[in-house]
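Structure first, then comments.
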Amino acid sequence: MAEWLKDAVFYEIYPQSFYDTNGDGIGDFEGIISKLDYIKDLGCNAIWMNPCFDSPFKDAGYDVRDYRKAAERYGSNEDLYRLFDEAHKRGMHVILDLVAGHTSEEHEWFKRSCLDEKNEYSDRYIWTDFWLSSAPGHLWIGGECERNGTYMLNFFKCQPALNYGFHEPKAAWQQGMDDPGPTATREAMTDVMRFWLSHGADGFRVDMADSLVKDDDEKKSSTCETWRRMFSVIRKEFPEAAFVSEWGNPGLAIGSAGFDMDFLLDHAGRGYKTLMRDEEGGKDRSYFKKDAGGDIRRFLTDYLKCLEETEGKGYISLISCNHDTPRAKATLTDEELKLAYAFIFTMPGVPFLYYGDEIGMRYIAGLKTKEGGYTRTGTRTPMQWSEGKNKGFSDADVDMLYLPVDASEGAPSVEKQEKDADSLLNTLKAVLRLRHEHKELRAEGGFEVICDGADSPFVYGREGLILAVNPSSKNLAADTGRVLKEKIFSIGSASAEGGRIVMGAGSFAVYRQA
Ligand code: GLC
Ligand code: CA
């Protein structure tokens with residue numbers, strides 16, 4: 001596994017909305033290059049960039065038309081290579097988004113696959129052999145091309161599914177993983193990885209990583225086998241490359257498919273959701289929402305299981321948010337977010353910060369859908385750098401901007417928060433500094449629950465460090481059973497005597513154990 005992951009903290013960039021340097025109203029590679037020092041200074045030493053490849057952008061670039069070509073609106077391939085270089089000069093790493101399960105319907109492979117005449121790409125996608133045939137549980141499209149069959153979708157209508165085969169082929173048109181079609185798809189996708197890794201990329205975030213083999217079993221055994229086969233080739237060539245999956249099941253993604261990291265996602269019923277966005281049943285019971293009646297054990301039950309399943313094999317990735325998820329600021333205040341971030345960024349594994357979360361950018365409800373964003377559009381608005389024109393995102397006229405900038409009263413900006421020692425931005429910076437300075441807090445450091453938060457602060461151990469958090473509005477005390485020595489970090493008030501810790505309302509603290 002890549003050594004650099006041990007102390008990695010990622011910053012996710014939605015390139016459209018990050019920083020526009022040529023005044024066309026949309027972010028670009030040059031913009032990212034010019035903000036590398038900002039990202040580094042924040043305490044993030046790695047970047048995940050959402051798809052930045054040639055695309056008709058019907059799903060914000062998750063509909064790739066050419067895997068090997070940078071989208072012109074962001075710059076050229078050379079600009080992207082320069083971004084890798086500039087990041088490396090600063091000791092940073094950059095991973096790209098690999099959309100492995102589907103392409104755009106405008107991809108050359110798909111255009112050839114649509115032809116009636118059999119060719120190299122006929123089996124690159126999943127086709128039935130008759131105009132009305134299909135299989136339940138999937139979406140099929142007919143009537144678009146000359147080929148006698150219908151093709152399967154992986155997500156939107158613009159995203160035909162690549163053919164990695166069926167777990168157990170049942171019809172003549174269904175292929176198994178070892179058939180030539182799926183074998184060639186795996187080779188083609190491995191080649192895409194090879195292309196970017198050999199030009200300086202440091203790895204990939206893999207889109208819908210669990211979606212490859214169709215009608216897979218519960219353990220996703222064929223999809224996992226598909227990843228193992230691709231990794232066995234590419235990892236030999238690029239041993240320092242890192243792979244993180246959009247899967248939401250670390251036990252399978254890391255334990256079986258062989259990813260280095262897997263995201264905990266905002267999925268209903270999962271522990272991660274109960275931290276900041278628990279609105280199930282109409283009542284917010286999020287743990288980090290003050291006095292909402294949250295309970296950290298709802299997170300821990302799920303998390304501890306994931307931790308056990310991945311022990312020694314890879315890292316769980318806790319996220320502040322991502323481009324598909326409502327920003328936590330939708331329901332939490334900056335004071336609540338400080339505690340949530342202090343927790344997320346002192347946990348084991350490799351954490352990810354979504355651009356703009358460092359200043360508590362709002363979720364903008366009610367925006368018209370943009371590039372297939374729908375409700376996700378409100379999480380994708382331009383970064384707020386300054387108090388200047390378009391909040392410093394772009395010089396373009398307002399009506400040319402990719403999405404409207406949040407110009408509402410009190411909208412945060414980097415400029416404002418940098419000047420305020422107590423801001424969310426500066427608090428997060430301090431937390432990240434703490435993480436990098438203490439080996440115990442990095443990816444591999446141990447984790448144990450000391451007090452599970454029932455009528456007490458939540459207290460956890462990371463090797464020789466004891467951490468405690470109390471998001472409620474009451475003082476909470478706990479007997480930790482440890483001897484707490486020096487306090488090395490705190491937000492709000494916290495005191496300790498012997499093994500007893502008293503956490504004030506809305507507080508977080510880190511102690512060294514005697
Ligand atoms: C993933 C991406 C999402 C995209 C979808 C289809 O969930 O995160 O943004 O729309 O896959 O590629
Ligand atoms: Ca631009």
Side-chain angles (χ1 to χ4, degrees), residues 10 12-35 48-53 55-65 67 70-76 79-80 83 95-107 139 152-162 189 204-212 244-249 253 262-267 317 319 321-326 352 354-355 369-380 382-383 385 389-390 392-397 400-403 405:
F10 275 86
E12 179 191 347
I13 295 179
Y14 185 73
Q16 290 90 319
S17 292
F18 195 56
Y19 186 44
D20 171 28
T21 55
N22 63 350
D24 64 355
I26 190 157
D28 40 56
F29 295 139
E30 197 55 50
I32 298 174
I33 293 172
S34 65
K35 296 294 184 186
W48 154 32
M49 198 171 22
N50 290 110
C52 56
F53 315 107
S55 166
F57 290 102
K58 290 185 179 177
D59 185 15
Y62 283 96
D63 46 331
V64 179
R65 185 164 49 203
Y67 283 109
E72 272 166 27
R73 67 191 202 178
Y74 304 136
S76 63
D79 295 327
L80 182 51
L83 165 55
I95 66 170
L96 300 175
D97 212 313
L98 184 74
V99 190
H102 49 266
T103 67
S104 157
E105 60 194 344
E106 293 183 22
H107 196 291
L139 294 168
M152 189 193 283
L153 300 181
N154 219 32
F155 198 66
F156 287 153
K157 185 261 166 188
C158 62
Q159 292 156 319
L162 284 163
M189 202 47 67
F204 295 94
R205 172 267 188 187
V206 175
D207 185 64
M208 290 175 64
D210 64 334
S211 75
L212 303 193
V244 54
S245 47
E246 184 200 22
W247 196 310
N249 189 332
D262 184 38
F263 294 120
L264 297 188
L265 297 166
D266 187 48
H267 289 163
S317 286
I319 60 174
C321 186
N322 66 22
H323 62 290
D324 294 327
T325 305
F352 282 65
Y354 185 57
Y355 83 95
T369 180
K370 175 88 177 183
E371 296 186 345
Y374 296 92
T375 58
R376 305 177 294 182
T377 308
T379 289
R380 300 175 174 184
M383 179 67 183
W385 293 106
K389 183 178 179 186
N390 299 322
F393 162 65
S394 165
D395 274 343
D397 289 344
M400 275 180 65
L401 299 182
Y402 174 76
L403 278 171
V405 172

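All ligand and atom numbering here is 1-based and tracks the order in the structure. The model shown is predicted, which means the values in this text are computed figures rather than measured ones. Each residue takes its place number in the sequence, starting with 1.
Looking at D20, its N, O or S atom nearest to the Ca ion (ligand 2) turns out to be OD1. In D24, the N, O or S atom that comes nearest to the Ca ion (ligand 2) is OD1. Closest N/O/S atom of D28 to the Ca ion (ligand 2): OD2.
Not one N, O or S atom of E30 sits under 3.0 Å from the Ca ion (ligand 2). Backbone or side-chain N, O or S atoms of S394 do not reach the Ca ion (ligand 2) at under 3.0 Å. Note on I26: counted as a metal contact of the Ca ion (ligand 2), an N/O/S atom lying under 3.0 Å.
For atom 10 (O) of ligand 1, the closest heavy atom belonging to the protein is D59 OD2, 2.6 Å. Annotation: atom 9 (O) of ligand 1 to nearest protein heavy atom, D324 OD1, 2.7 Å. Taking atom 7 (O) of ligand 1 as the reference point, the nearest protein heavy-atom neighbour is E246 OE2, 2.7 Å. For atom 1 (C) of ligand 1, the nearest non-hydrogen atom of the protein is D207 OD1, 2.7 Å.
Side-chain polar atoms of Y74 and E30 form no donor-acceptor pair below 3.5 angstrom. With no hydrogens or angles considered, no side-chain donor-acceptor pair links D262 and S317 at under 3.5 Å. A donor and an acceptor atom, one from each side chain of Y19 and Y355, are nowhere located under 3.5 Å apart.
For D324 and R380, the salt-bridge test passes: some basic side-chain N is under 4.0 Å from an acidic carboxylate O. Between D20 and R73 there is no salt bridge, since no side-chain nitrogen of the basic residue lies less than 4.0 Å from a carboxylate oxygen of the acidic one. Salt-bridge annotation for E246 and R205: present, with a side-chain N of the basic residue lying under 4.0 Å from a carboxylate O of the acidic one.
For ligand 1 and R376, the ligand atoms under 4.0 Å from any heavy atom of the residue are 3 (C), 4 (C), 9 (O), 10 (O). Annotation for ligand 1: atoms under 4.0 Å from non-hydrogen atoms of Y62 are 2 (C), 4 (C), 9 (O), 12 (O). If you number the atoms of ligand 1 from 1 as listed, the ones under 4.0 Å from a heavy atom of H102 come out as 6 (C), 12 (O).
For the ring pair (Phe, Tyr, Trp, His ring centres under 6.0 Å) with H323, the qualifying choice from Y62, Y374, Y354, F18 is Y62, the only one to do so.
Using a 4.0 Å cut-off between heavy atoms, K58 makes no contact with ligand 1 at all.
A 4.5 Å side-chain heavy-atom check between W48 and V244 finds every atom pair outside the cut-off.
The aromatic ring centroids of Y67 and H107 lie less than 6.0 Å from each other.
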